[in-house]
Protein chains: 2
Amino acid sequence: MTTLVFGHKAPDTDSAGSALIWAWYLNDVKSTAAKAVLLGTPNTEAAFALQRWGFETPEIIADVADGAPVVIVDTNNPAELPANINNADIKAIIDHHKLVGGLETSGPISITIRPLACTATIMHNLMGDNAANMTAPIKGLVLSCILSDTLEFRSPTTTDQDRALAEKLAGELDLDIPTYAAEMFAAKSDISRFSDADLLRMDSKEFTVDNVKFRVSVLETTAPAIVLDRKASLLASCATVAAEDNVDHVLLFVVDILAEEATLLIQNDTVKAVAEKSFGVPVSGDSVVLPGIMSRKKQIIPNLKV
Amino acid sequence: MTTLVFGHKAPDTDSAGSALIWAWYLNDVKSTAAKAVLLGTPNTEAAFALQRWGFETPEIIADVADGAPVVIVDTNNPAELPANINNADIKAIIDHHKLVGGLETSGPISITIRPLACTATIMHNLMGDNAANMTAPIKGLVLSCILSDTLEFRSPTTTDQDRALAEKLAGELDLDIPTYAAEMFAAKSDISRFSDADLLRMDSKEFTVDNVKFRVSVLETTAPAIVLDRKASLLASCATVAAEDNVDHVLLFVVDILAEEATLLIQNDTVKAVAEKSFGVPVSGDSVVLPGIMSRKKQIIPNLKV
């Protein structure tokens, strides 16, 4: 039976790319029939990167069958996975997020979680000597995943390993990192086709702090003005999305990749208080700029206070 | 702050030994201050192996402090760990059991779970080239962990990796595996000092099947007659232990390492029915022999039916 390889429900470059990378490894190196699939529409950057390296967009699946062999990449959170995931035959998990709890397996399996910036870097390490067999398109995907998750090495999640691997691969591919990263970020910044609700849900994770449920959404862009021009309707949409998604508040952080800062939208007094307590800044008006804030994982979630 | 390295609450050879192995690795190879500790009294085999290779019995701790740096080995089950574990600073998890769920970390950490027989084998792989620096006592511990968890390669959990590593280390240590394994199993079989309740809890894990809670206990021995001579009082103790530990039934499997079979005690009609349904054998009387059954992980838990 073909093993399905997939990441989380909101496929970004690392999530979609690393599914394709590991499916290649299983098929071509381990001689195990495998197929990358997606649990949602890839974001514009992921779509760009897949096309750039010659990959078709993988099939989008709604759920997994009982007993289906699967490999989970770039998440260990059941809320970000198919409803039936705990009845699938989970063969392996490769991830770089905090352990959330909730996934269960019927027997011992292979789980590799590392505090690196990017799932693809972990995969490269797992491949060992076989990494030398990576094709140019697979190398291009690994590089894309690293540049995406590190925001071209600007994010504090970046490790020496991620950076060294990206630079090695760029050399082998004869690719200029700043030029290619700018193309990726331009693709990510092209949000014209998305509704406000789409933008609030595009790169979003739920977190609960002291029994208050937040949808913590991040939009990484090299053109923040395009997002902030829509501030009024985005603010209005926060309450609707919160109600529809059964959370208390939506926190939208518009991350300016080049200026290395985030703008948080302030749609009500609770979010104002959260912003002041969590980031130690005074807030007046309907948004606040947070200098240096780029990473949900390292800078936003660990500081969130209500 | 010194990192505490520990396994589960009922320290067997792999659990106690791998804590010492990883503490050595952190201290001597990674220059990270670390100390192996235990969460309970080691069993007689573990005590023998530690003494044989010149290790003091590590300190037994009752709980961990908020924010204490810890490495968890040979389990990922919060029920087998200190009550305060989710408030500790979990640095890493190295294990070979199924993912249970329930452990949470505040940020991404290093987690390595592999379907190998023994935690020490996974550690050896993680060490990479540094494994060549293992001292003779550390090699002896790794070998002891493998022989213990594989029952000298008899258990169906044994993989080629476990076996090859044990044989390599025995060669380097100039040790005869059958002789040394016999010494270890004799130590494990020396149960004279333990009460019936001790024996029922010594190597025991809780599992729930269709809302029925079992304490699934295993006694691996090369001298099953010593245990079975105490059958009447062990049978009587099952109900007491079940009541005290808030489970519905205790299942005690006396594993005869040399005959490669298990004897399950039958203290009531529910356990009789469970034995018949789970292992497809007719049961009459107060015990039943299960040919070939040696592994709780591979043969008992996956088959348990009520």
Side-chain angles (χ1 to χ4, degrees), chain A residues 14 72 74-79 81 85-86 88-119 121-122 125-126 128-129 149 155-159 161-162 207-209 295-304, chain B residues 14 72 74-79 81 85-86 88-119 121-122 125-126 128-129 149 155-159 161-162 207-209 295-304:
Chain A
D14 189 34
I72 297 169
D74 196 32
T75 181
N76 68 82
N77 186 347
L81 289 163
I85 190 69
N86 273 331
D89 179 12
I90 306 174
K91 295 289 188 188
I93 302 171
I94 306 168
D95 186 24
H96 65 131
H97 293 90
K98 70 176 190 170
L99 191 64
V100 174
L103 274 190
E104 294 170 24
T105 64
S106 55
I109 66 162
S110 185
I111 302 178
T112 309
I113 303 181
R114 295 287 181 270
L116 299 178
C118 162
T119 306
T121 308
I122 304 169
N125 293 350
L126 286 173
D129 293 342
D149 268 13
S155 170
T157 58
T158 311
T159 71
Q161 274 188 61
D162 297 294
F207 288 94
T208 300
V209 182
S295 165
R296 175 169 49 206
K297 188 192 274 182
K298 283 255 187 185
Q299 298 171 303
I300 296 173
I301 297 304
N303 288 316
L304 220 52
Chain B
D14 188 34
I72 298 169
D74 196 32
T75 181
N76 68 81
N77 186 347
L81 289 164
I85 191 67
N86 273 331
D89 179 11
I90 306 174
K91 295 290 188 187
I93 302 171
I94 306 168
D95 186 24
H96 65 130
H97 293 89
K98 69 176 190 170
L99 191 63
V100 173
L103 274 190
E104 294 170 23
T105 64
S106 54
I109 66 163
S110 183
I111 301 178
T112 309
I113 303 180
R114 295 286 181 270
L116 299 179
C118 164
T119 306
T121 308
I122 304 169
N125 292 349
L126 286 174
D129 294 341
D149 267 14
S155 170
T157 59
T158 310
T159 70
Q161 273 189 61
D162 298 293
F207 287 94
T208 301
V209 182
S295 165
R296 176 170 46 208
K297 188 192 276 182
K298 284 254 187 184
Q299 298 170 303
I300 296 173
I301 298 303
N303 288 315
L304 220 52

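Chain A is the first sequence line, chain B the second, and so forth, proteins listed ahead of strands; every chain is numbered from 1.
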Taking the side chain as everything from C-beta on, heavy atoms only, tell me whether B:Lys91 gets closer than 4.5 Å to B:Ser110. no
Can you tell me which of A:Leu116, A:Val100, A:Ile301 forms the most heavy-atom pairs within a distance under 4.5 Å of chain B? A:Val100
Option among B:Asp95, B:Ile113, B:Asp74, B:Thr112 that satisfies the side chain to side chain contact (heavy atoms under 4.5 Å, CB included) test with B:Ile122: B:Thr112
For B:Ile94, which atoms come within 4.5 Å of any heavy atom of chain A: side chain, backbone, both, or neither? neither
Minimum heavy-atom separation for A:Ser155 and A:Asp149, please, with both atom names. CB-O, 4.1 Å
What part of A:Ile93 is in contact with chain B, defined as an atom under 4.5 angstrom from a non-hydrogen atom: side chain, backbone, both or neither? side chain
At a heavy-atom distance under 4.5 Å, which candidate from B:Arg114, B:Glu104, B:Lys297, B:Lys298 has the highest pair count against chain A? B:Arg114
Looking at side-chain heavy atoms only, is the closest gap between B:His96 and B:Thr157 below 4.5 Å? no
Residue among A:Gly107, A:Pro108, A:Pro78 with most heavy-atom pairs under 4.5 Å to chain B: A:Pro108
So A:Ile72 and A:Ile85, do their side chains get closer than 4.5 Å, heavy atoms only? yes
Chain A heavy atoms under 4.5 Å from B:Ile109: which part of the residue, side chain, backbone, both or neither? backbone
Please look at B:Ile90 and chain A and tell me whether the side chain, the backbone, both or neither of the residue comes under 4.5 angstrom of a heavy atom of that chain. neither
Between B:Ser106 and chain A, with a heavy-atom cut-off of 4.5 Å, which part of the residue counts as in contact: side chain, backbone, both or neither? backbone
State, yes or no, whether a side-chain contact exists between B:Leu81 and B:Leu103 at a heavy-atom distance under 4.5 Å. yes
